[in-house]
Structure formats: C-alpha cells, structure tokens
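If you're wondering where the values come from, they're calculated on a predicted model, not measured in any experiment. Worth knowing before you read on, the calculation uses all heavy atoms, side chains too, and leaves out hydrogens, waters and symmetry mates. So you know, we letter chains A, B, ... as the sequences are listed, proteins then strands, and number each from 1.
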Number of protein chains: 2
Amino acid sequence: MNASRTARERVRAELIREITDIARRRLATEGAGGLSLRAVARDMGMVSSAIYRYFPSRDDLLTALIIDGYNAIGEAVETADAACARDDFTGRWLAVCHAVRTWALDHPHEYALLYGSPVPGYQAPEDTIGPASRDTMVYGRIISEAQAAGRLNPPAMCPAPPGLLSSDADAVRSVMPGVSDDVVARGVVAWTGLFGMVNFELFGQFNNVIRHRRELFEHNMLCLAALLGLPA
Amino acid sequence: MNASRTARERVRAELIREITDIARRRLATEGAGGLSLRAVARDMGMVSSAIYRYFPSRDDLLTALIIDGYNAIGEAVETADAACARDDFTGRWLAVCHAVRTWALDHPHEYALLYGSPVPGYQAPEDTIGPASRDTMVYGRIISEAQAAGRLNPPAMCPAPPGLLSSDADAVRSVMPGVSDDVVARGVVAWTGLFGMVNFELFGQFNNVIRHRRELFEHNMLCLAALLGLPA
DNA sequence: GCTCGTCAAGAGCAGTGCTCTCTTTTTGTG
DNA sequence: CACAAAAAGAGAGCACTGCTCTTGACGAGC
C-alpha cells in the first residue's frame, strides 16, 4: 500500500514538476505578469480547472517559482564560491558577484521575481525566507572566514556606525559571525551595492550609457571589496 | 477660433490630468499590475471605452505615470539639493540620498515602476529618458562641483579602472563633467549603491533583519560618500 | 444650414482567476 | 473480488480585464 500510494504521489509530483517547468518557461518569455494558469494548463493539454488540484491559486504557483529561483541562485553562488581557493577571499567575493550577475542575466524574469518589485497583491509566505538567504549565507561566510583568518582590514574612512545599529548588527551577525559593527555596515553596503549594480543593468538604467558592463561590474565589485577590507 | 479650440483642448487636458490622478491613486493602492483602465473609467463615471480617446492603450497611461514619476522624484531631489549650502558637498549628497529614499517610501508603487522590475510587455518609449535622468543630473552636478572646488579626494584603495571603460566614462561625464575615469567608476558605485539600498528596504530584503533603517541608510551613504572622496 | 471631427456610450471578442458541479479513475479495504 | 472513498479530470459559469467596432449626439467652421 505504501508503494501504491507512492505511485499516485509520484505522478502527482511529476505533474507538479511539469507545471512549474512550463510556468518557468512562460515566465521567461512573458514575465511574471503574463503568467497565466490557463495558459500553463493549455500547454500541458489540461483543462484549466484541473490545474487548481495542484496549485490552489496563482500565488501558490508563484511561490513555488520563487522558492525554486532562490534555490537556483543560491546554488549558483555556492558552486561559484566552492570553485575558489578557500583563502582567496577576494576571489571568492568576485566569484559570488559574477555568479549573481550571470544568473540574473540568464534568468532575468526569475531574478526580477526575487529581487525586483514585489508582484502586486502577492505576499511572500514564510516558506520563502529559508531559500531566500542561501546566497547571503555564502557571502556572510566569506566575510567571516576572512575576518577569522585576519585578512580583513577595512580602510579607515567610514565614520563609526551609530551605536543604535548594534542590535541590527547582531541580526546580521547570525550569517556573518565574529565581525564588528563597522564590518557589518560595510558588508551591507557591499551586498546592496552588488544588487544595485545588477538591478541597474538588468532593469535598463544603463541603457545607452554603459556598454562594457561586465568590465565595469567587475571593477566596481573590486572597489566594494576594497571598502570591505578584503586583500587586494 | 483659436479660443474655442483652446476651450476644447482645455477640457481635454483637464480630463487627462484627472485620469492620471486617479490612475496614480489606484497605483498607490493596487500596484502597477492592478492598474486597470476600466476601473479608472469607473472612478470618473466614464464608460470604459471613452477613456481610450485620451489614452490609446494601457501602456500609454503607464508611460504618462512613469514620466510623472521621474519628474516627481527628480524634483524632490532638486529641491533637497537646493536647500543645502552650495559648498557642503557631503550634505548635498546626503540630502539627495534621503530625498530618493523618502520619496521611494512615500510612493512605493511609483518607485517600483521607475526602478523596479520592468512591467512585462511594456517597452519604455523615448519620451521617458529625459525626465528619467533629472535626479542623476543633480547627482552628477554635485560630484562635478566638488571636483571643481578641489574638495573631491577619493582615497587610494580602488584599483585603476580598465582603459576599456574610458568610452563609457565619457558618456557618464556628460552629466558629471571634469572628473577622472576613477571618479566616474566610484560615482557609479555610489549611485547604484544608493538605489540598491533603497531597493532592499522597499522590496522586503531587510524584513526581519534591519530595524533602524534610516540610521543604517544614512551611515551607509556616508560610507559611500567617503568612497567617493567627499569631505568628511 | 450642412458637413465634419470629436466624443460618449454600448455591444462584443478573447482572455483571465477562480468556483462549482458532475463524471471518471484510482486506491485501500472488507 | 467487490465496493466505498478519495482523487483527478472535465465543463460550465461568474466577474473581471484590455481592446475594437459601431452608433448616435454635439459643437465648430465653411
């Protein structure tokens, strides 16, 4: 009986996988707003109402895609980091930056779903926050390990962070242990700077202005690395 | 005849203004995806088809809102900058940062329309690129004037920008004349860093992590000011 | 006064998310 | 093996969307 129940479960899981695959493909061509359950159903030769057996609403399908997306970019970042020498902290940071940018360029609509404007009327459920931090955890580990190795020497240029921020710094330190409030703040600058750069490129703010985007990106990420105090 | 034609034109212009006002109000509550011409028409006691006399398509209405939005944030940035002493370059930068952030928090959906993911299926027409750079021009002027006043002393920490980037730097220098390639690159870092920070706050990446957002924002913008070489 | 352009109004098309009912298929159990 | 229960598919239907087309009224210029 366990096997038979698994049989049904298996075809169900298979269908769910197929639905998300088709939805992802449609997402890539039409964008998040053009994602329609009816169209997905049509693509699989299913009647529109049947799809509600698998995803009770459009938002649930969206949630599945978001979780998959976070896991995909998280995995991309993890493998990029893993390919570097452990003590090449700047190289690891740069690899993470390029992994984020490359994944974003390869999956623009999925990236927009994760880091762009929230889909109107859609509220991200709790299930997304776990996968959502996979990439950030890799980043935090790099900083922490650089700190622990004594290779993190942030140049004295930023003002001291206001003491008010130490409680927030504690929260950040859960993914980036062992660093000072100052490094936490710089860490947020670099991390948001990375995504700010990717957003500008992807969302069109660089159109007709910046042509050598990869080069500028890499150079700017090195600037942020210097701000972080990673070795040159 | 000129007066009468003007009379007609006047009521037409008045209606267009009313439509965009209502659309903006709906945008604020429903978001870009929920912007519906029929709903706007209903709000003004108009039959849905009549609205197409004024905006031939939903995208045209969106374009109008985008242009208005760029002008609004541009104006906010301009007045914030104008309120500062001309030679307080760091203060002007900080004022610009806060103006962007405050405007974004006050008009989240409009901001998302401008700096968030592009609306699927919507292609921004040429008319938007002028107003789109109002805020950037203020920013560029601050950097240029600081440079001209000899108050821009970027700390030696970034690597030299690759020569490949000098053509892109020329393009950027059209809004930020008189600065080196190095300053151009740092300028892009700071500008994208500003919007990266605002995006993270607005799009939810700081949820459950950062509580003192204004304080962290200001501190981080000061870090970026230091990276730019603005006086402390 | 008549014509012509502008506008409001309505019907209609194709599409959407989602719900309901009805039927078929599959499954675990007496 | 037969049968009730659970799950899935199919279809109709509701209220909504953007957009088009036609019809009829109104006002300005010849």
Side-chain angles (χ1 to χ4, degrees), chain A residues 1-20 22-23 25-27 29-66 113 119-123 125, chain B residues 1-20 22-23 26-27 29-66 109 113 119-123 125:
Chain A
M1 84 187 193
N2 207 349
S4 54
R5 177 206 244 157
T6 317
R8 200 184 208 134
E9 286 290 316
R10 256 181 55 189
V11 63
R12 188 183 172 82
E14 180 60 33
L15 271 177
I16 286 183
R17 233 189 65 85
E18 194 178 343
I19 290 174
T20 52
I22 292 183
R25 216 171 308 144
R26 292 200 70 90
L27 189 72
T29 60
E30 328 276 328
L35 180 63
S36 127
L37 285 183
R38 289 178 114 111
V40 173
R42 218 180 301 122
D43 279 8
M44 357 194 345
M46 211 179 206
V47 90
S48 73
S49 58
I51 213 168
Y52 286 87
R53 302 259 176 218
Y54 301 94
F55 289 96
S57 81
R58 185 179 178 274
D59 283 5
D60 291 272
L61 177 54
L62 224 50
T63 298
L65 292 178
I66 289 177
L113 211 53
V119 178
Y122 171 81
Q123 184 70 4
Chain B
M1 81 186 193
N2 207 352
S4 54
R5 178 206 242 156
T6 316
R8 201 177 215 146
E9 286 290 315
R10 256 181 52 188
V11 63
R12 187 182 173 83
E14 180 60 34
L15 272 177
I16 285 183
R17 234 189 62 86
E18 193 178 342
I19 291 174
T20 53
I22 293 183
R26 292 199 69 88
L27 191 70
T29 60
E30 327 277 328
L35 181 63
S36 127
L37 285 182
R38 290 177 113 112
V40 172
R42 217 180 303 124
D43 280 7
M44 349 192 354
M46 208 180 209
V47 92
S48 71
S49 57
I51 215 168
Y52 286 87
R53 300 256 173 219
Y54 301 95
F55 290 95
S57 82
R58 185 179 176 274
D59 283 5
D60 291 272
L61 177 54
L62 223 49
T63 298
L65 292 178
I66 288 177
H109 291 106
L113 211 54
V119 179
Y122 172 81
Q123 185 69 4

Strictly below 4.0 Å, heavy-atom distances to any atom of DNA chain C: list the hits from residues 51-61 of chain B, or just say none.
B:Arg53, B:Tyr54
All N/O donor-acceptor pairs, side-chain side in residues 33-49 of chain A, below 3.5 Å, sequence neighbours left out:
| unit_1 | atom_1 | unit_2 | atom_2 | d |
| --- | --- | --- | --- | --- |
| A:Ser36 | OG | A:Arg38 | N | 3.3 |
| A:Ser36 | OG | A:Ala39 | N | 2.9 |
| A:Asp43 | OD2 | A:Arg26 | NH1 | 3.1 |

Can you find a heavy atom in the side chain of A:Asp60 that is under 4.5 Å from one in the side chain of A:Tyr54?
no
Report the distance from atom CG of A:Leu35 to atom P of C:dT16, rounded to the nearest whole Å.
11 Å
Whole Å only: how far is the CE atom of B:Met46 from the C1' atom of C:dG10?
15 Å
Sort me out a list of protein N/O and nucleotides 11-14 of chain C N/O pairs below 3.5 Å, or just none if empty.
| unit_1 | atom_1 | unit_2 | atom_2 | d |
| --- | --- | --- | --- | --- |
| C:dG12 | O6 | B:Arg38 | NH2 | 3.4 |

From the options D:dG9, C:dA8, C:dG17, select the nucleotide whose nearest atom is closest to the side chain of A:Ala50.
D:dG9
Does B:Arg17 CZ have over 12 foreign heavy atoms under 6.0 Å away?
no
Roughly how far apart are A:Arg53 CZ and A:Leu15 CG, rounded to 0.5 Å?
13.0 Å
Looking at C:dT16, C:dC7, D:dA10, which one has an atom nearest to any side-chain atom of A:Arg42?
C:dT16
Of the listed C:dG10, C:dT16, C:dC7, the closest approach to the A:Ala39 side chain comes from C:dT16
Ignoring hydrogens, what is the shortest heavy-atom contact between A:Ala23 and A:Leu65? Give both atom names and the distance.
CB-CD1, 4.0 Å
Nearest-Å distance for atom pair CE/C1', residues A:Met44 and D:dG9:
12 Å
What is the separation between atom CG on A:Leu37 and atom P on D:dA10, rounded to the nearest whole Å?
16 Å
Whole angstroms only, please: what is the CD1-P distance between A:Ile19 and C:dG17?
13 Å
Could you check whether any side-chain heavy atom of A:Thr20 comes within less than 4.5 Å of a side-chain heavy atom of A:Phe55, counting everything from C-beta outward?
yes
Contact summary for A:Leu27 and A:Ala32, nearest pair of heavy atoms:
CD1-CA, 3.4 Å
